[in-house]
Amino acid sequence: LMIKIMSADDQELIRESLKIILSTKEEFRVIATVGSGKEVIEAIRREQPDVILMDMRMPDMDGVQVTRRIREIVGPETMIIIITAYDWGVVENSARQAGANAFITKPIFASTLYDTLLSVTGIERAVRPPGGTARRAGHHVLLVEDNGLNREIAVELLHMADITVECAVNGREAVERFLSHGDSFDLILMDVQMPYPGLRAFWI
C-alpha cells in the first residue's frame, strides 16, 4: 500500500526536508510540494493525495481556511495534518471543525512525523526503521553542519538507521573533535561551506 502525500509550506527548505525524510520510507510517495493555499487547491484537483502536510500560516490564506476548502472539494477521504511553529492548542478547535485530523509542532522530527502518519493512516510499517539499516547499525558518525535545521534533520535520519552521531557546528570544532578522538569515527559528514575557512590549510 502506497500513501500519497502532499507537502504545503511557503518555505522551500521545509518542503524539501519533509520530502527527504519521507523518501526513506517505501510506504510513502510525495506527489506534490506547494507553497500557498491556492496551489494546494489547484494540486488536489489534479491528483488527490491521501495525506496533506500543511503549514498553518500560508501566504494567501491560513491552514484553517485551506482545510475548509479541501473538505468542500474532496470530502473526508484525504487526511490533513496541520504543521505550526506555535502552540496548536490555540487553533485546534477551529481547525478540527474545518476538518483537520492531526497537528505537528515545528521543528519537525522524523519520529514525530512517522508517529502522526501512523495515527492518521493506520499503516503499521510507517514507524519501522528503513530497510537494510542493520549493516550500518552501531556506527559512529561526526556530523559537521552550521545550520541548526539541517543538523536536526540529519541527526534524525542517522538515528533512524541506529547510527550514533556527534555534532560539530564549524570547522574549528570539527578539527578539535577529530584530533581528540578521531579514531572513534567511522565516517565524517561535512557541509562544504563551513565557518572558519582558514582551517582549510590545517586539513591539508
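In this text, all values refer to a predicted model and were calculated from it rather than measured experimentally.
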Full working for side chain to side chain donor-acceptor pair (under 3.5 Å) between Thr24 and Tyr114: CA-CA 11 Å; Thr24 65; Tyr114 292 141; 2.7 Å; yes
Report yes if some heavy atom in the side chain of [X] is under 4.5 Å from a heavy atom in the side chain of [Y]; otherwise report no.
X: Ile44; Y: Met6; value: yes
X: Val141; Y: Leu189; value: yes
X: Glu27; Y: Met2; value: no
X: Leu113; Y: Ile21; value: yes
X: Thr84; Y: Phe103; value: no
X: Leu53; Y: Ile80; value: no
X: Val91; Y: Met56; value: yes
X: Arg151; Y: Cys167; value: yes

Measuring from atom [atom1] of [X] to atom [atom2] of [Y], what distance do you get when rounded to the nearest 0.5 angstrom?
X: Ile3; Y: Glu26; atom1: CD1; atom2: CD; answer: 12.5 Å
X: Arg46; Y: Ile31; atom1: CZ; atom2: CD1; answer: 9.5 Å
X: Arg29; Y: Ser23; atom1: CZ; atom2: OG; answer: 13.5 Å
X: Ser7; Y: Leu22; atom1: OG; atom2: CG; answer: 8.0 Å
X: Leu143; Y: Ile188; atom1: CG; atom2: CD1; answer: 11.0 Å
X: Ile83; Y: Leu18; atom1: CD1; atom2: CG; answer: 5.0 Å

Closest contact, heavy atoms only, Ala43 versus Val34: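 Minimum heavy-atom separation between Ala43 and Val34: CB-CG1, 4.2 Å.
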Nearest heavy-atom neighbours spanning Gly37 and Met58: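 Looks like N-CE, 3.6 Å.
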Single-linkage hydrophobic cluster, 4.5 Å side-chain cutoff, Ile104 and Met79 together: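 In one cluster with Ile104: Met79, yes.
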Ile41 reachable from Val64 in the ILVMFWY side-chain graph, under 4.5 Å edges: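 Yes; Ile41 is reachable from Val64 via cluster members.
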Under 3.5 Å donor-acceptor, [X] side chain and [Y] backbone:
X: Thr112; Y: Ile108; answer: no
X: Glu39; Y: Gly35; answer: yes
X: Glu16; Y: Leu13; answer: no

Asp55 and Arg15 ion-paired at < 4.0 Å: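 Salt bridge between Asp55 and Arg15, a charged N being under 4.0 Å from a carboxylate O: no.
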Lys38 atom NZ: more than 12 heavy-atom contacts under 6.0 Å: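 Result for NZ/Lys38: open.
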CD/Glu47: more than 12 non-hydrogen atoms of other groups inside 6.0 Å: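 Count over threshold, so yes.
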Parallel, tilted or perpendicular: ring planes of His140 versus Phe185, cut at 30 and 60 degrees: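 Plane angle between 30° and 60°, so tilted.
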Name each donor-acceptor pair under 3.5 Å that joins a side chain in residues 66-74 to protein atoms two or more places apart or in another chain, with its distance.
from: Thr67; atom 1: OG1; to: Gly63; atom 2: O; distance (Å): 2.7
from: Arg69; atom 1: NH1; to: Glu72; atom 2: OE1; distance (Å): 2.8
from: Arg71; atom 1: NE; to: Gly99; atom 2: O; distance (Å): 3.1
from: Arg71; atom 1: NH1; to: Gly75; atom 2: O; distance (Å): 2.9
from: Arg71; atom 1: NH1; to: Thr78; atom 2: O; distance (Å): 2.6
from: Arg71; atom 1: NH2; to: Thr78; atom 2: O; distance (Å): 3.0
from: Arg71; atom 1: NH2; to: Gly99; atom 2: O; distance (Å): 2.7
from: Arg71; atom 1: NH2; to: Asn101; atom 2: OD1; distance (Å): 2.9

For Ala102, all residues meeting side chain to side chain contact (heavy atoms under 4.5 Å, CB included), sequence neighbours excluded: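 For Ala102 the side chain to side chain contact (heavy atoms under 4.5 Å, CB included) partners, ignoring immediate neighbours, are Ile81, Thr116, Val120.
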Residue from Arg57, Lys19, Lys106 passing salt bridge (charged side-chain N to carboxylate O under 4.0 Å, His left out) with Asp9: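 Looking at Arg57, Lys19, Lys106, the match for Asp9 under the salt bridge (charged side-chain N to carboxylate O under 4.0 Å, His left out) is Lys106.
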